[in-house]
2 protein chains.
Amino acid sequence: MTPANLAENAIDTGAQHIRDSIRDAIVERRLAPGTKLSENDVGGLFNVSRTVVRAALQALSYEGLVTVEKNRGAFVAYPSVAEAQQIFATRRLIEPGLLREAARHLERRHIKELRALLAEEERLTSERGPSARRAEIKASGDVHLALAAITGNAILQRFMDELIARSSLVIALYGQSVASSCGHAEHHQIIDALENGDVEAACKLMLQHIDHIEADLDLRAKKSGDLKDVLRL
Amino acid sequence: MTPANLAENAIDTGAQHIRDSIRDAIVERRLAPGTKLSENDVGGLFNVSRTVVRAALQALSYEGLVTVEKNRGAFVAYPSVAEAQQIFATRRLIEPGLLREAARHLERRHIKELRALLAEEERLTSERGPSARRAEIKASGDVHLALAAITGNAILQRFMDELIARSSLVIALYGQSVASSCGHAEHHQIIDALENGDVEAACKLMLQHIDHIEADLDLRAKKSGDLKDVLRL
DNA sequence: GTGCCTAATATTGTATACAATTGAAAGTCG
DNA sequence: CGACTTTCAATTGTATACAATATTAGGCAC
């Protein structure tokens, strides 16, 4: 059971599958922000009726990954600069506390899982190609989600699910460098501090880590860029 | 525009209304936890088809106020003790940081709004009757939501929306005393500290406040113990 | 050719119809 | 009489049909 499923009471089976598929496609940047998600097209793609598609799109809308405009349809979310800043502000607010909570429930097996994730992340870093790059972005988020899972707090997990997914979207939009290797090293330091029992150091590192991610973004107003893209579709 | 609307991209108009109505009914305890929400019944009540009702119920399910079981239908959520603890753990994690963030954006008009909310809360405290009691529960939550609104962070607002709504549900289920007068006094202290610029004191008071709310709950397993207690009286 | 108005088209919003699953009542057997 | 099986009613899951709205294309006047 994925973290997402754990927290949500799936309303129906078909919609869940579509939701996850689209969600993955967005987070892994296969679907560009602003892309229109026509109910007919998506339905045809999955061989289901619009009814099911609508349920999936509504769920994604609630997660902030999709924007639904009345009588106009659903689009892959195009986070504004303000939204991006709010996402990271919220992460800075939550993740240190999350770390302290995770530390309270930390067991040896958790450390092993985290190490495994870091190793996978490292492996992807060394690989070339766009698909490895996408997997790397996802793996980077998975570390944060794994920390949330350690707390055993399903609500916190769901909040983090949303924040991480939306962060991926923001990075897709405004990210300059990959900056993943940097992020990877920081993940390592955080886990090290956690394993050594120095929770406060881990929190400090986490805040710096989030700062670095945000610093790598080009959040200057994209005036004409935004407008053109929006008008294009 | 309510805080809820602000954060969510309403997928359609009819469902939004139904969602808000049911949501209010749950938060104000007019709908008891566990109550079945039949699509036909709800639809008949609002004179809309099941399609619209399903959309509303799905949204409520995402908020954690409604539980949807496959092929069985939707029910007003019946939070377990574990869920209740997670809700308050998450609030303890978020609300101090939220307070610090609110302090950064605090203006005179915000203080005035908060004072007005407190006054309203106080007025309701002095009133008698179940409807005043319901309004009081809601007003108490509104103070926390107003603090979230001050931050200007829509994501944080939505998280708090959900946490406050689910807290109301938990209080409805497990609350012993009214404890609202106590909560009201604490709200006053928090706002006072905030106005005086002593943010850290406000945070401390907030944590105590949440502790008090949780302490007023009877989170012991509700097996036969309750029954015996009731019968012994 | 430009601007505006009108009509046609396509897409979403909602209602209804049908299929699938569940829960319970009725009937049967031990 | 109790337990099991079977059938039936009711409710949800999904698909389709219809209505409302937005977008686009075409025509007309200027």
Side-chain angles (χ1 to χ4, degrees), chain A residues 4-5 8-22 26 31-78 227-233, chain B residues 4-5 8-23 26 31-78:
Chain A
N5 294 344
E8 298 154 22
N9 10 25
I11 194 164
D12 39 34
T13 53
Q16 186 83 12
H17 173 230
I18 296 176
R19 186 180 77 84
D20 288 345
S21 296
I22 298 182
I26 294 176
L31 272 173
T35 306
K36 162 131 192 170
L37 300 171
S38 160
E39 296 178 359
N40 258 321
D41 296 355
V42 178
L45 215 53
F46 287 92
N47 280 97
V48 295
S49 81
R50 283 176 48 214
T51 309
V52 182
V53 176
R54 278 179 77 85
L57 292 177
Q58 183 180 345
L60 288 166
S61 152
Y62 202 93
E63 294 181 59
L65 293 182
V66 157
T67 303
V68 175
E69 293 176 38
K70 185 173 163 67
N71 282 319
R72 286 204 7 102
F75 305 82
V76 178
Y78 200 109
L227 188 63
K228 193 165 58 180
D229 279 345
V230 168
L231 293 182
R232 181 166 52 83
L233 239 194
Chain B
N5 294 345
E8 297 153 24
N9 10 26
I11 194 165
D12 41 32
T13 54
Q16 186 83 12
H17 174 229
I18 297 176
R19 186 181 78 83
D20 288 345
S21 297
I22 297 182
R23 181 190 166 98
I26 293 177
L31 272 172
T35 305
K36 163 134 197 177
L37 299 171
S38 160
E39 296 179 359
N40 258 320
D41 295 355
V42 177
L45 214 53
F46 288 91
N47 280 95
V48 294
S49 81
R50 285 176 47 214
T51 308
V52 183
V53 176
R54 279 179 76 84
L57 291 176
Q58 184 179 344
L60 289 165
S61 152
Y62 204 93
E63 294 181 59
L65 293 182
V66 157
T67 303
V68 175
E69 294 176 36
K70 186 173 161 67
N71 282 317
R72 287 202 10 98
F75 305 83
V76 178
Y78 199 107

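A, B, ... follow the sequence lines: proteins, then strands. Residue 1 opens every chain. Computed from a predicted model, the values in this text were never measured in an experiment.
- Looking only at side-chain heavy atoms (C-beta outward), B/Val53 and B/Val48 come within less than 4.5 Å of each other.
- Between the P atom of D/dG13 and the CD1 atom of A/Ile18 lies a distance of 15 Å, rounded to the nearest Å.
- Remark on DNA chain D: of its neighbouring residues B/Gly73 and B/Thr51, the 5'-side contact belongs to B/Gly73, judged by nearest-heavy-atom nucleotide.
- Distances shorter than 4.0 Å separate some side-chain N or O of B/Ser49 from OP1 or OP2 on C/dA15.
- You'll find that the side chain of A/Arg72 is closest to D/dT23, out of D/dT23, D/dT16, C/dT12.
- Between A/Phe46 and A/His17, the closest side-chain pair of non-hydrogen atoms falls below 4.5 Å.
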Legend entry - Nucleotide-level pairing of DNA chain D, given in dot-bracket where Watson-Crick and G-U pairs need both distances under 3.5 Å and | marks other strands: ||||||||||||||||||||||||||||||

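- Side-chain atoms of A/Lys36 never come within 3.5 Å of backbone atoms of A/Val76 as a donor-acceptor pair (strictly under, hydrogens ignored).
- The ring pair (Phe, Tyr, Trp, His ring centres under 6.0 Å) search around B/Phe75 returns none, not counting sequence neighbours.
- Each of A/Ile22, A/Leu60, A/Leu31 was evaluated against A/Leu65; a single residue qualifies, A/Leu60, per the side-chain contact (heavy atoms from CB on, under 4.5 Å) test.
- Every residue meeting the side-chain contact (heavy atoms from CB on, under 4.5 Å) condition with B/Ala74, not counting sequence neighbours, appears here in chain and number order: B/Leu37, B/Leu57, B/Val66, B/Val68.
- What separates CZ of B/Arg54 from P of C/dT16 is a distance of 16 Å, to the nearest Å.
- Protein atom CG of B/Asp41 is 7 Å distant from nucleotide atom P of D/dT11, rounded to whole Å.
- Set against C/dT12, D/dT11, D/dA15, the side chain of B/Lys36 has D/dT11 as its closest nucleotide.
- Whole-Å rounding puts the A/Glu69 CD to D/dT21 P distance at 17 Å.
- Rounded to whole Å, the distance from NZ on B/Lys70 to P on C/dG23 is 13 Å.
- Across the protein-nucleic acid pair, A/Asn40 atom CG and D/dT16 atom C1' stand 12 Å apart, rounded to whole Å.
- Here the C1' atom of nucleotide D/dT12 and the CD atom of B/Glu39 are 6 Å apart, to the nearest Å.
- Of all the heavy atoms in A/Ala59 and A/Arg19, the pair that sits closest is CB-CD, 3.4 Å.
- Going from atom CG of B/Asn71 over to atom C1' of C/dA19 covers 11 Å, rounded to whole Å.
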